[in-house]
Peer 1: 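Mind looking over this structure? Questions follow.
Count residues from 1 along the sequence.
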Amino acid sequence: MSDEATKIQKANSTRRQIAEIEKDKWEKLTDVETAFAGEIYLESYIASKQRKEAQEIVSNELKKVIDENKALFDIWVSVALMVDGLGECIEFKI
């Protein structure tokens, strides 16, 4: 398998596994391939720290899937995260 084909296979596998994440209080949206709605518990009281904490929580869940697929250096995962009460969308890449 070519390097490009391997990367495509890893991306497809990672995408499927992200869609199958089962986390307490996270619900997979039916009409969007890898979108979830739900709750996360934030310990911080300062909005800027809450934004960072929310990003870390979601990032850690996605990194587990990326690591399982040995895809860390082969793919990018683009994330848009909305947290009620924390203002603008938090966008980042893993």
Peer 1: Which residues satisfy the side chain to side chain contact (heavy atoms under 4.5 Å, CB included) test with I8, sequence neighbours excluded?
Peer 2: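 Side chain to side chain contact (heavy atoms under 4.5 Å, CB included) list for I8, sorted by chain: E4, N12.
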Peer 1: Using a side-chain heavy atom cutoff under 4.5 Å and only I, L, V, M, F, W and Y, what cluster partners does F73 have?
Peer 2: I18, I21, W26, F36, I40, L42, I57, V58, L62, V65, I66, L72, I75, V77, V79, L81, V83, L86, I90, F92, I94
Peer 1: Residues two or more places apart in sequence or in another chain: which of them pass side chain to side chain contact (heavy atoms under 4.5 Å, CB included) with E43?
Peer 2: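 Applying side chain to side chain contact (heavy atoms under 4.5 Å, CB included) to E43 gives Y41, E53.
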Peer 1: For K28, which residues count as a salt bridge (Lys or Arg N to Asp or Glu O under 4.0 Å) partner, sequence neighbours excluded?
Peer 2: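 In terms of salt bridge (Lys or Arg N to Asp or Glu O under 4.0 Å), with neighbours along the sequence ignored, K28 is linked to no residue.
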Peer 1: Who are the salt bridge (Lys or Arg N to Asp or Glu O under 4.0 Å) partners of K64, not counting sequence neighbours?
Peer 2: E61
Peer 1: From E56 CD over to K49 NZ, what is the distance, rounded to the nearest 0.5 angstrom?
Peer 2: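 So the gap between those two atoms works out to 11.5 Å.
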Peer 1: Please report the shortest heavy-atom distance between G87 and R51, naming the atom on each side.
Peer 2: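 Closest pair (atom of G87, atom of R51, distance): C-NH1, 4.0 Å.
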Peer 1: Show every salt bridge (Lys or Arg N to Asp or Glu O under 4.0 Å) that has at least one partner inside residues 67-84, sequence neighbours left out.
Peer 2: K10-D74
Peer 1: With sequence neighbours excluded, what pairs up with D3 under the salt bridge (Lys or Arg N to Asp or Glu O under 4.0 Å) test?
Peer 2: K7
Peer 1: Please list all pairs meeting salt bridge (Lys or Arg N to Asp or Glu O under 4.0 Å) that have one or both residues in residues 85-94, counting only residues at least two apart or in different chains.
Peer 2: none
Peer 1: With sequence neighbours excluded, tell me which residues meet salt bridge (Lys or Arg N to Asp or Glu O under 4.0 Å) with K25.
Peer 2: E39
